[in-house]
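Working notes for the structure below.
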Amino acid sequence: MLQNIYPKNEADSIVQYVFTEVLKLSPVQLRMNKDEILKPIEAEAIDLVLQRLLTHEPVQYILGVAYFYGLRLVVHPGVLIPRRETEELVELIVKQNTAAAPRMLDIGTGSGCIAITLKHSLPAAEVYAIDASETAVRLARQNALSLLQRDKENKFLLRDIFDTAWWDELGSFDTIVSNPPYVTESEKAEMQPNVLAFEPAEALFVPDADPLRYYSTIADFALVNLNAGGKLYFEINEQFGVETKQMLEKKGFVPVEVYADMQGRQRMISAVKP
């Protein structure tokens, strides 16, 4: 039934996801127990999940869980579901980090996936995160407390990047990263119902007339708040890789590098503040 909605490989992955979460089994345990008969309460729980899946509701929202870079995050419809492309962005940052104890800022943190993973991967780092959504900040703090046993310093903050009044509040950083809204309104027609109907539009879409509005503002913020030689990282819309690179170069960042994801699409960019 799910194959009427999702490609076979994705449908199979979702089914395994549901069974491992509902039955509290690892994938290996699930395979070892594949011939076991479900208890009535287990069968009922899985059936309820299936009925919701058939309405295109994302499995991560139904179960309240998403996995990112090996970490188990709580998610709900108030934040975007973490994606593989963003894992690649985090991997790039960790690989390129050269500071012993870097100061890092994640702009538009959502579930907190980027900030939490950076802190988890680079324990000596001092990582801040901001979001304009109170719901997102509250969830990110919850995930930070659960996964890192920390947010006592209150480094997940409610801030709007378009409000310049607070821009000098946090000091300077070695790394600034953002996965901001970048899907144009005209791209809505190409999107799947499980994204369009359930994930928060304010975290997805930008006007066709100004697709780089977040990137440009964050770049201006970075010019003020990055240390000399510090790096700005973005996840980008593959349609605007050239335009994003040119915008950053025009603002004075050098060098600016565009990176392809595992599918060969231009989805990440880094820029150095001179």
Side-chain angles (χ1 to χ4, degrees), residues 78-80 86 89-90 93 99 102-116 118-119 125-141 144 151 153-185 200-237 240-241 243-258 268-274:
V79 300
L80 286 182
T86 311
L89 177 64
V90 170
I93 296 170
R103 293 192 88 238
M104 297 178 154
L105 174 65
D106 173 26
I107 297 175
T109 196
S111 65
C113 60
I114 292 177
I116 291 168
L118 286 173
K119 179 63 179 177
E126 184 179 11
V127 183
Y128 286 81
I130 66 166
D131 203 292
S133 164
E134 187 173 353
T135 297
V137 171
R138 187 163 53 246
L139 180 62
R141 287 175 178 168
D151 188 29
E153 298 114 325
N154 194 26
K155 291 182 178 177
F156 289 78
L157 305 169
L158 183 65
R159 298 289 187 278
D160 185 343
I161 193 62
F162 294 103
D163 177 9
T164 61
W166 66 270
W167 275 18
D168 61 354
E169 176 185 322
L170 301 179
S172 59
F173 294 91
D174 301 295
T175 299
I176 294 174
V177 56
S178 183
N179 175 21
Y182 58 67
V183 182
T184 59
E185 291 286 340
E202 63 274 14
L204 285 168
F205 298 109
V206 288
D208 287 2
D210 192 11
L212 303 185
R213 66 187 302 261
Y214 281 91
Y215 297 101
S216 181
T217 299
I218 293 169
D220 288 339
F221 174 89
L223 286 172
V224 175
N225 292 284
L226 265 180
N227 293 323
K231 276 194 170 183
L232 172 62
Y233 292 88
F234 286 128
E235 183 174 320
I236 62 173
N237 186 327
F240 298 104
E243 291 88 342
T244 307
K245 184 176 189 290
Q246 290 174 342
M247 177 272 292
L248 290 167
E249 289 173 337
K250 187 175 180 180
K251 289 181 182 291
F253 290 91
V254 61
V256 179
E257 301 286 343
V258 179
M268 297 165 283
I269 200 165
S270 71
V272 179
K273 179 182 175 180

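Remember, it's a predicted structure, so these values are computed and weren't measured experimentally.
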Partner residues of [X] under the side chain to side chain contact (heavy atoms under 4.5 Å, CB included) criterion, sequence neighbours left out:
X	answer
Lys245	Glu249, Val256, Val258, Ile269
Thr135	His76, Ser133, Arg138
Ala140	Thr109, Phe156
Val224	none

Please check: side-chain N/O of Lys273 versus main-chain N/O of Leu223, any donor-acceptor pairing under 3.5 Å?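 Present.
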Between the main-chain N or O of Val137 and the side-chain N or O of Asp131, is there a donor-acceptor pair closer than 3.5 Å?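 Checked: no pair found.
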Apply the test side chain to side chain contact (heavy atoms under 4.5 Å, CB included) to residues Asp106 and Leu118: give CA-CA distance (whole Å), side-chain angles for both, the deciding distance (0.1 Å), then the verdict. CA-CA 9 Å; Asp106 173 26; Leu118 286 173; 5.6 Å; no
Check whether any side-chain heavy atom of [X] lies under 4.5 Å from a side-chain heavy atom of [Y], and answer yes or no.
X	Y	answer
Leu226	Phe221	no
Pro207	Thr184	no
Tyr182	Phe205	no
Leu158	Ile130	no

Gap between atom [atom2] of [Y] and atom [atom1] of [X] - 0.5 Å precision:
X	Y	atom1	atom2	value
Ser172	Asn225	OG	CG	7.5 Å
Ile114	Ser178	CD1	OG	7.0 Å
Leu80	Glu202	CG	CD	8.5 Å
Ile236	Thr244	CD1	OG1	5.0 Å
Ile176	Tyr128	CD1	OH	13.0 Å
Leu105	Thr175	CG	OG1	10.0 Å

Where at least one partner belongs to residues 161-170, residue pairs that pass side-chain hydrogen bond (donor to acceptor under 3.5 Å, both in side chains), sequence neighbours excluded: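 Qualifying pairs, neighbours excluded: Arg159-Glu169.
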What residues form a side-chain hydrogen bond (donor to acceptor under 3.5 Å, both in side chains) with [X], not counting sequence neighbours?
X	value
Glu243	none
Asn237	Glu187
Glu185	Lys188
Glu134	none

Nearest heavy-atom pair of [X] and [Y]: which atoms, and what distance?
X	Y	result
Ser270	Lys231	OG-NZ, 4.5 Å
Gly252	Pro274	O-CG, 3.1 Å
Met104	Ala125	SD-CB, 4.3 Å

Can Phe234 and Leu248 be said to form a side chain to side chain contact (heavy atoms under 4.5 Å, CB included), step by step? CA-CA 11 Å; Phe234 286 128; Leu248 290 167; 4.1 Å; yes
Pairs of donor and acceptor atoms involving the side chains of residues 209-219, under 3.5 Å and at least two apart or interchain, shall be tabulated with distances.
from   : atom 1 : to     : atom 2 : distance (Å)
Tyr215 : OH     : Glu235 : O      : 2.7
Ser216 : OG     : Lys251 : NZ     : 3.4
Thr217 : OG1    : Arg213 : O      : 3.1

With side chain to side chain contact (heavy atoms under 4.5 Å, CB included) as the test, would you mind laying out the steps for Val183 and Val206 before giving the verdict? CA-CA 6 Å; Val183 182; Val206 288; 6.0 Å; no
Salt bridge (charged side-chain N to carboxylate O under 4.0 Å, His left out) between Glu126 and Lys155, intermediate numbers included: CA-CA 9 Å; Glu126 184 179 11; Lys155 291 182 178 177; 3.3 Å; yes
Between Leu157 and Leu170, does the side chain to side chain contact (heavy atoms under 4.5 Å, CB included) criterion hold? Intermediate values first, please. CA-CA 10 Å; Leu157 305 169; Leu170 301 179; 3.7 Å; yes
